[in-house]
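Keep in mind that the numbers below use all heavy atoms, side chains included, and drop hydrogens, waters and symmetry copies.
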Amino acid sequence: MLKYDPLACLPSSEELPDSDDTPVDNELQNIIPGLLKVILAMVWAERMDWFFGIDMGIYYDPDLPAIVPDGFLSLGVERFYDENLRPSYVLWEEKKLPLLVLEVVSQTYRGEYSTKKAEYARLGILYYVVYNPFRRRKPHLEVYKLVNNTYELHDGNPVWLPEIGLGIGIERGTYLGIPREWMYWYNHQGQKLLTPEEDKKLAQQKAQLAEQKAQLAEQKAQLAEQKAQLLQERLRSLGIDPDSLT
């Protein structure tokens, strides 16, 4: 009996468009997701079961165009597809929905609070994160979790994401030599996971501190030796052999 595989009739990731030729609106929409991916690559260096896509198409229906968030995270998938990497993220191949999608708002809204939000909810993506650096009276970061098919806003900064095992939030820092407000991953204690530059700077500070401690210990040892020599000289001036006291 002939077995029918419905997936065999669907286009593969190599056959689907991997670009819509639409330019991004500002630099942050690439750099911020890029930073999150770089940090994950450091802290999850030994893990091979995750993928973070940046400005990449997510195909969920072969008859519809892809959705393209600024960034998204999937767990339980291959980190590296092959040596050519992924041209796009195709749900009928990956068989895993992204756990989190990220949108960085430009000065021109692109449906981040309406159509995109509704689309991600309809697909069943658990976390929807919106970063809007242009807001003045509202928080720059909003983290939504899907509950009963509706996104609920979670207060706080950072916000812990138990299904991912990390928190996400914003604070000032330095990346690519730029001091500003950046988005970070956080550990369970609420400590941010550093950018490569910050990690290098911290390592340098620790090395300098260790060197200072070593110098201080050496100075104390030299001072103790000088005091011992002075004491021996004082004893000899009193006619006492210091060696006879040991």
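With sequence neighbours excluded, the residues satisfying salt bridge (charged side-chain N to carboxylate O under 4.0 Å, His left out) with Glu163 are Lys145. Applying the ring-ring contact (aromatic ring centres under 6.0 Å, His included) criterion to Phe51, with sequence neighbours excluded, gives Phe72. In this structure, Asn148 has no side chain to side chain contact (heavy atoms under 4.5 Å, CB included) partners at least two apart in sequence or on a different chain. Applying the ring-ring contact (aromatic ring centres under 6.0 Å, His included) test to Tyr151 and every residue at least two apart in sequence or in another chain returns Tyr128. With sequence neighbours excluded, the residues that form a ring-ring contact (aromatic ring centres under 6.0 Å, His included) with Tyr175 are Trp182. For Gln189, the side chain to side chain contact (heavy atoms under 4.5 Å, CB included) criterion is met by Asn187, Gln191, not counting sequence neighbours. Looking at residues two or more places apart in sequence or on another chain, you find a side chain to side chain contact (heavy atoms under 4.5 Å, CB included) between Pro162 and Tyr127, Trp160. Looking at residues two or more places apart in sequence or on another chain, you find no salt bridge (charged side-chain N to carboxylate O under 4.0 Å, His left out) involving Asp61. Take Glu171 and apply the side chain to side chain contact (heavy atoms under 4.5 Å, CB included) test, not counting sequence neighbours, and it matches Tyr184, Tyr186, Lys192. Judged as a salt bridge (charged side-chain N to carboxylate O under 4.0 Å, His left out), and not counting sequence neighbours, Lys37 has no contacts. With sequence neighbours left out, the salt bridge (charged side-chain N to carboxylate O under 4.0 Å, His left out) criterion links Arg47 to Asp49.
Ile164 and Val147 sit in two unconnected hydrophobic clusters of ILVMFWY residues. Membership requires side-chain heavy atoms under 4.5 Å apart, directly or through other members.
Residues Glu93 and Arg86 form no side-chain contact, since every pair of their non-hydrogen atoms from C-beta on lies 4.5 Å or further apart. Residues Leu161 and Trp185 meet the side-chain proximity criterion, which asks for heavy atoms closer than 4.5 Å. Two residues are said to be in side-chain contact when any heavy atoms from C-beta on lie closer than 4.5 Å; Pro158 and Ile168 fail this criterion. The shortest distance between side-chain heavy atoms of Pro133 and Leu28 falls below 4.5 Å. Using a 4.5 Å heavy-atom cutoff, the side chains of Leu102 and Pro69 are not in contact. Residues Pro98 and Leu91 meet the side-chain proximity criterion, which asks for heavy atoms closer than 4.5 Å.
We find the NE2-CZ distance between His140 and Arg135 to be 9.0 Å, quoted to the nearest 0.5 Å. Between atom CG of residue Leu99 and atom CG of residue Leu73 there is a gap of 6.5 Å, rounded to the nearest 0.5 Å. In this structure, CG in Leu97 is found 10.0 Å from CG in Leu126, a value given to the nearest 0.5 Å.
Salt bridge status for Lys117 with Glu112: absent, with no side-chain N to carboxylate O gap under 4.0 Å.
Residues Asp70 and Tyr131 have side chains that never bring a donor and an acceptor to within less than 3.5 angstrom of each other. Side-chain contact check for Tyr60 and Glu119: at least one donor-acceptor pair (N or O, by modelled atom type) lies under 3.5 Å. For Ser74 and Tyr89, the side-chain atoms include at least one donor-acceptor pair closer than 3.5 Å.
Contact detail for Ala66 and Gly57: the closest heavy-atom pair is CB-CA, 3.8 Å.
In this structure, the side chain of Arg79 engages the main chain of Ala45 through a donor-acceptor pair within 3.5 Å. The backbone N or O of Ile39 lies less than 3.5 Å from no partner atom in the side chain of Thr195, so there is not a single donor-acceptor pair. With hydrogens and angles disregarded, a donor-acceptor distance shorter than 3.5 Å links the side chain of Glu197 to the backbone of Leu176.
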Which atom pairs, one a donor and one an acceptor, fall under 3.5 Å between side chains of residues 232-240 and the rest of the protein, sequence neighbours left out?
unit_1	atom_1	unit_2	atom_2	d
Ser237	OG	Arg234	O	2.5

Can you check side chain to side chain contact (heavy atoms under 4.5 Å, CB included) on Leu141 and Val129, steps first, answer last? CA-CA 7 Å; Leu141 181 68; Val129 180; 3.6 Å; yes
